[in-house]
Amino acid sequence: MKRSEKFRQANREAKATILATIAVIVFWWATGFGLAEVHLSLWNTPLWVWGGCLGTWIFAVLVTVFLTRKVFLDFDLNDEETKDSKE
């Protein structure tokens, strides 16, 4: 992988991480505040607590799994081509 391709991939991963963070925040907002008017409880705990806390955590884990499987690549940022040509 060329150095420019490595940096393009790093930028792609950074942008995907920003979008994932925004998605988690929107999910938290929707389930936390969006379910506040729903008068439903589970084990004497309002639904918005379950959605805003546990639901957001599960969603964040799923988003992380997606990023690691579909977006992130394992590569070394060291430029081995440059090292070989200097010697």
- Message: Starting from Ile18 and following side-chain heavy-atom contacts under 4.5 Å between hydrophobic residues (I, L, V, M, F, W, Y), which residues can be reached?
- Response: Ile22, Val26
- Who passes ring pair (Phe, Tyr, Trp, His ring centres under 6.0 Å) against Trp29, sequence neighbours left out? Phe33
- Do Phe66 and Leu62 come close enough that some side-chain heavy atom pair is under 4.5 Å? no
- side chain to side chain contact (heavy atoms under 4.5 Å, CB included) involving Ala30 - partner list, sequence neighbours excluded: none
- With a 3.5 Å cut-off and no angle check, do the side chains of Gln9 and Glu5 form a donor-acceptor pair? no
- Query: Tell me, do Arg12 and Leu73 make a side-chain contact under 4.5 Å, heavy atoms counted?
  - Reply: no
- Query: Arg69 versus Val65: any side-chain heavy-atom pair under 4.5 Å?
  - Reply: yes
- Do you know the tightest heavy-atom contact between Leu67 and Ala16? CD2-CB, 3.8 Å
- Note on the structure: Here the gap from Thr31 atom OG1 to Phe59 atom CZ, rounded to the nearest 0.5 Å, amounts to 9.5 Å
- Nearest non-hydrogen partners of Trp28 and Thr56, listed with the distance: CA-OG1, 3.5 Å
- Taking the side chain as every heavy atom from C-beta outward, state whether Val63 and Phe27 have any pair of such atoms under 4.5 Å apart. no
